[in-house]
Amino acid sequence: MEEVVSSCILPQSHRTSSLRTIANMLDNGGVCGIPTDTVYALAASCKHPEAINRIYSIKERPSEKPICICISNLDQLRVINPPFSPLLWNFMDLVYPGGISCIVQKGEWLKKLGVGPAYETVGTNDSIMIRVPDHTVTAHLTDRTGPLAITSANPSGESDSTHHDMVITRLSDKLDAVLCDGYSNELVGSTVVNCTKINEGIIKILREGCVPTTKIMQLFERAKNTPGVL
């Protein structure tokens with residue numbers, strides 16, 4: 001039996017049926033709390049821009065702060081062949097899956113990925129942040145749903161949620177479900193890396209999260225030193 005708090009259901013992540021329940025809710029325009037490889041996130045399907053707008057209301061998130069997309073693996077990008085440089089591909093191969101968010105140039109390739117309905121709702125006018133979590137539950141979920149719009153599962157300005165109980169206590173009255181997975185893998189969110197100028201040999205750390213800046217720069221050097229790049 002799935003536990004219920006008011007109208008918010010609380011399925012357990014170890015059950016296949018729970019993933020199916022959450023995937024169906026997201027596919028039908030719901031907003032759910034889900035685990036990731038860092039901290040808990042709020043998720044909405046990119047098929048439903050109105051659900052993404054709900055996230056802003058639920059969190060009281062400033063409208064000028066963009067929301068990123070989450071996919072299950074890099075192969076989802078490869079099959080649509082976005083116009084990424086060899087250096088960007090090399091860098092993403094080194095950092096994904098993992099607790100890093102890469103900001104890249106927006107383009108028509110996002111519509112082929114399945115972001116089409118939410119193209120104007122996620123990211124900025126010219127860039128998009130991509131997450132590929134190193135988390136089995138999140139990967140299986142996004143395999144079912146396609147790209148999700150995600151952001152940390154906490155009221156704007158408050159601390160990250162590191163256990164499903166924190167999501168339930170603070171936000172369950174506004175959510176359709178919380179996928180319960182116990183304690184999070186990390187205490188802070190992902191490290192955000194701006195890769196929009198990577199072809200000029202430049203990346204910029206916009207937020208240091210669970211992956212240290214020094215590690216990011218080491219990986220970037222490895223990517224640059226791959227034969228055939230730059």
- Item | Note, I150 side chain near L42 side chain (heavy atom, < 4.5 Å) | no

- Query: Is the backbone N or O of V115 less than 3.5 Å from a side-chain atom of K47, with the two atoms forming a donor-acceptor pair by type?
  - Reply: no

- Distance in Å, T21 OG1 paired with D176 CG, rounded so as to fall on 0.5 Å steps: 12.5 Å

- Enter the distance from I52:CD1 to S45:OG here, rounded to the nearest 0.5 Å. 7.5 Å

- Message: I'd like to know if the side chain of H48 and the backbone of E50 have a donor-acceptor N/O pair within less than 3.5 Å.
- Response: no

- Task: Would you mind checking if K197 and E200 are paired as a salt bridge, meaning a charged N to carboxylate O distance below 4.0 Å?
- Result: no

- If you group Ile, Leu, Val, Met, Phe, Trp and Tyr by side-chain heavy-atom gaps below 4.5 Å, do I69 and I55 land in one group? yes

- CZ of R15 to SG of C180, rounded to nearest 0.5 Å, is 12.0 Å

- Message: Is it the case that over 12 heavy atoms from other parts of the model lie below 6.0 angstrom from the CG atom of N125?
- Response: no

- Any side-chain heavy atom of L148 within less than 4.5 Å of one from L141? yes

- Task: Could you go through the side-chain contact (heavy atoms from CB on, under 4.5 Å) check for L175 and S172 one step at a time?
- Result: CA-CA 5 Å; L175 300 176; S172 65; 5.5 Å; no

- Under a 4.5 Å cut-off applied to non-hydrogen side-chain atoms, are L187 and D160 in contact? no

- Message: Is there a path of hydrophobic side-chain contacts, each under 4.5 Å between heavy atoms of I/L/V/M/F/W/Y residues, joining Y96 to V104?
- Response: yes

- Item | Evaluation steps, salt bridge (charged side-chain N to carboxylate O under 4.0 Å, His left out), between D93 and R222 | CA-CA 11 Å; D93 276 328; R222 278 180 58 190; over 6 Å; no

- Query: Should the heavy atoms of other residues, nucleotides or ligands under 6.0 Å from CD of E221 be counted, would the total exceed 12?
  - Reply: yes

- Check whether any side-chain N or O of T226 sits under 3.5 Å from a backbone N or O of A223 as a donor-acceptor pair, and report yes or no. yes

- For residues T213 and E208, is any side-chain donor paired with an opposing acceptor at under 3.5 Å? yes

- Query: If you draw a 6.0 Å radius around NE2 in H140, do more than 12 non-hydrogen atoms from other residues or ligands fall strictly inside?
  - Reply: no

- Report yes or no: does S184 contribute a side-chain atom to a donor-acceptor pair with the main-chain N or O of E186 at less than 3.5 Å? yes

- Query: Run the side-chain contact (heavy atoms from CB on, under 4.5 Å) check on I9 and M25 step by step: do they pass?
  - Reply: CA-CA 10 Å; I9 68 166; M25 283 197 160; 3.6 Å; yes

- Message: Please tell me whether T138 and R131 have a donor and an acceptor in their side chains that are separated by less than 3.5 angstrom.
- Response: no

- Item | Heavy-atom closest pair, residues V39 and T36 | O-OG1, 2.6 Å

- Query: Hey, are the side chains of S13 and H135 touching, using non-hydrogen atoms and a 4.5 Å cut-off?
  - Reply: no

- Task: Output the distance between atom CG (L88) and atom SG (C102), rounded to the nearest 0.5 Å.
- Result: 7.0 Å

- Query: At their closest point, which heavy atom of S18 faces which heavy atom of P11, and how far apart are they?
  - Reply: OG-CB, 3.4 Å

- Item | For W89 against L77, the heavy-atom pair lying closest together | CH2-CB, 3.9 Å

- Query: Does any non-hydrogen side-chain atom of I100 lie less than 4.5 Å from one of V193?
  - Reply: yes

- For residues I216 and I205, determine if any side-chain heavy atom of one lies less than 4.5 Å from a side-chain heavy atom of the other. yes

- Only one of I198, L74, L87 clears side chain to side chain contact (heavy atoms under 4.5 Å, CB included) with M92; which? L74

- Message: I need the minimum non-hydrogen distance between V137 and D181, along with the two atoms involved.
- Response: CG2-OD1, 4.2 Å

- Task: Using the rule that two of Ile, Leu, Val, Met, Phe, Trp, Tyr join whenever any of their side-chain heavy atoms come within less than 4.5 Å, decide whether I103 and I128 are in one cluster.
- Result: no

- Query: Is the closest side-chain heavy-atom distance between R78 and D75 below 4.5 Å?
  - Reply: yes

- If only atom types and distance count, is the side chain of T191 paired as donor or acceptor with the main-chain N or O of V211 below 3.5 Å? yes

- Any salt bridge between R20 and D27, counting N to O under 4.0 Å? no

- Message: Assess the residue pair Q12 and S17 against the criterion (side-chain contact (heavy atoms from CB on, under 4.5 Å)); give the C-alpha distance rounded to whole Å, side-chain angles, the decisive distance to 0.1 Å, and a yes or no.
- Response: CA-CA 9 Å; Q12 300 296 311; S17 58; over 6 Å; no

- Message: Between K106 (side chain only) and Y119 (backbone N and O only), is there a donor and an acceptor less than 3.5 Å apart?
- Response: yes

- Got a donor-acceptor contact below 3.5 angstrom from the D37 side chain to the D134 backbone? yes

- Message: Could you go through N90 and L94, starting from their C-alpha distance and side-chain angles, then the distance that decides it, and tell me whether this counts as side-chain contact (heavy atoms from CB on, under 4.5 Å)?
- Response: CA-CA 6 Å; N90 287 344; L94 291 172; 5.6 Å; no

- Task: On the 0 to 90° scale, with breaks at 30° and 60°, tag the F91-F220 ring pair as parallel, tilted or perpendicular.
- Result: perpendicular

- Item | Euclidean distance, M166 CE relative to Y40 OH, rounded to 0.5 Å | 11.0 Å

- Item | For G201 against K224, the heavy-atom pair lying closest together | O-NZ, 4.3 Å

- Message: Main chain of Q76, side chain of N73: is a donor-acceptor contact present, judged purely on distance under 3.5 Å?
- Response: yes

- So, S152 and K59: side-chain donor and acceptor under 3.5 Å apart, yes or no? yes

- Query: How close do L171 and N154 get, heavy atom to heavy atom, and via which atoms?
  - Reply: CD1-N, 3.9 Å

- Query: Do L19 and I71 belong together in a cluster built from hydrophobic side chains that touch within less than 4.5 Å?
  - Reply: no

- Item | Test applied, side chain to side chain contact (heavy atoms under 4.5 Å, CB included); reference residue, P133; option that passes from S101, P97, P35, C70 | C70

- Test side chain to side chain donor-acceptor pair (under 3.5 Å) applied to S127 and T124, step by step: CA-CA 5 Å; S127 67; T124 67; 2.8 Å; yes

- Supply the atom-to-atom distance C210 SG to N185 CG, rounded to the nearest 0.5 angstrom. 9.0 Å

- Crowding at CD1, I80 (>12 non-hydrogen neighbours, <6.0 Å): yes

- In terms of hydrophobic clustering (I, L, V, M, F, W, Y; side-chain heavy atoms under 4.5 Å; direct or indirect links), are F84 and I203 co-clustered? yes

- Message: Atom CZ of residue position R207 - does it have more than 12 heavy atoms of other residues, nucleotides or ligands inside 6.0 Å?
- Response: yes

